[in-house]
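These numbers come from a predicted model, not from an experiment. Below, chain A is the first sequence line, B the second, and so on; all start at residue 1.
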Amino acid sequence: LSAQTTVSLDGFQSDPEASVEMLADRLTVSQTDGAARFEGNVVIAQGDMRLSADLVDVTYLEAGGIGRLSASGSVLLVSPFDTAQADSAVYDFSARELRMRGNVLLNQGAISLSADLLTIDLETGGAVMEGRVRTVLPSGSK
Amino acid sequence: MHFSFDDGYSALVAWLKTLLPIAALGLLSTIFLFSGKVDVTQSLPYAEHNVAEIIREQRITQPYFTGIASNGTEIALSAAYASPQFENADILEITDLFVVLRSTNNRSVQVTAGRGALDSATQTAQISKNVHIAALPEFWVTTEALDMNLKQGVASAIGGFQGVTALGEITAGEMHLQMTADDQQIVFINDVRLVYSPKLID
């Protein structure tokens with residue numbers, strides 16, 4: 001397969017206006033670097049998309065509000081039709097893009113694709129997989 | 001003194017010299033008769049009600065407390081009023097309070113609240129009525145109740161926390177404001193749930 005594969009994931013379109021619910025065991029906001037960090041069973045839910053991870057760091061926008069969410073630690077992205085897991089993910093609110101990196105495994109129905117990097121355009125739902133993209137056949141299938 | 005002058009002008013001046021002072025005297029003496037009546041007792045600016053209230057309540061206005069907590073945090077608490085509680089004089093009921101917690105690295109956190117009970121014996125304060133914590137430009141928290149420990153320079157809400165932050169509404173089991181030498185942190189623990197609505201911001 002080519003180094004870059006474009007996949008369309010209709011489940012991953014997110015409504016930018018939808019409110020984002022963030023659950024965690026702990027949220028720490030520290031004044032020195034202005035960082036806000038969610039730790040422990042973190043779940044970020046927006047619309048019908050849910051991203052779970054061990055740790056999510058929030059980066060603010062200059063004008064206030066959230067610019068980016070950086071998730072790490074068994075990151076799992078679930079939508080009604082597809083799921084994707086990776087070592088880390090960055091959800092960029094302004095660019096409306098979700099980038100998953102490291103041992104990415106995308107499951108779409110019966111097909112699974114693995115790669116190094118998965119970039120999802122949340123506006124169109126289109127996704128691009130890069131770096132050693134391989135189709136992983138479900139083991140034990142004929 | 002003989003008043004005979006060969007020209008009218010000197011006579012005129014001489015007459016004026018006597019008539020004008022007399023007229024001035026007349027004016028001065030009668031001016032008090034025509035002045036407006038000022039009733040002194042009405043115009044004194046004091047309020048009967050205020051005086052009684054102050055006497056009865058032993059209220060301190062604009063109280064100001066400062067101290068250094070065990071972690072080196074400077075605490076400055078000012079309020080509109082403070083009055084000792086009837087049953088326990090150690091506790092001061094304070095209203096419209098403003099607390100500045102300044103850490104040793106000169107960063108400050110401001111806490112304001114409508115009401116508080118300041119216990120000087122245990123150096124703690126329970127504050128309530130739209131408590132607002134401003135920790136840094138992007139992050140503030142409002143809630144209804146907060147316990148402050150002025151000895152340790154920390155504030156916390158342990159019986160369930162509910163509030164609004166710059167990022168949206170938040171609920172958690174506990175909230176702690178910790179002032180350490182190199183960092184000031186607001187920590188929410190136990191089932192933290194924050195709802196962020198992007199459209200409110202941009």
Mark yes when over 12 heavy atoms from residues, nucleotides or ligands other than [X] sit less than 6.0 Å from its [atom1]; otherwise mark no.
{"X": "B:E169", "atom1": "CD", "value": "no"}
{"X": "B:I31", "atom1": "CD1", "value": "no"}
{"X": "A:R68", "atom1": "CZ", "value": "no"}
{"X": "B:L16", "atom1": "CG", "value": "yes"}

What's the spacing between [X] [atom1] and [Y] [atom2] if we round to 0.5 Å?
{"X": "B:I189", "Y": "A:T28", "atom1": "CD1", "atom2": "OG1", "answer": "9.5 Å"}
{"X": "B:R193", "Y": "A:E21", "atom1": "CZ", "atom2": "CD", "answer": "4.0 Å"}
{"X": "B:Y196", "Y": "A:I44", "atom1": "OH", "atom2": "CD1", "answer": "12.0 Å"}
{"X": "B:Q178", "Y": "A:S30", "atom1": "CD", "atom2": "OG", "answer": "11.5 Å"}
{"X": "B:N190", "Y": "A:R26", "atom1": "CG", "atom2": "CZ", "answer": "10.0 Å"}
{"X": "A:D25", "Y": "B:D191", "atom1": "CG", "atom2": "CG", "answer": "7.5 Å"}

Checklist entry - Taking it one step at a time, do B:I170 and A:L27 satisfy side-chain contact (heavy atoms from CB on, under 4.5 Å)? => result CA-CA 10 Å; B:I170 192 162; A:L27 164 63; 3.6 Å; yes
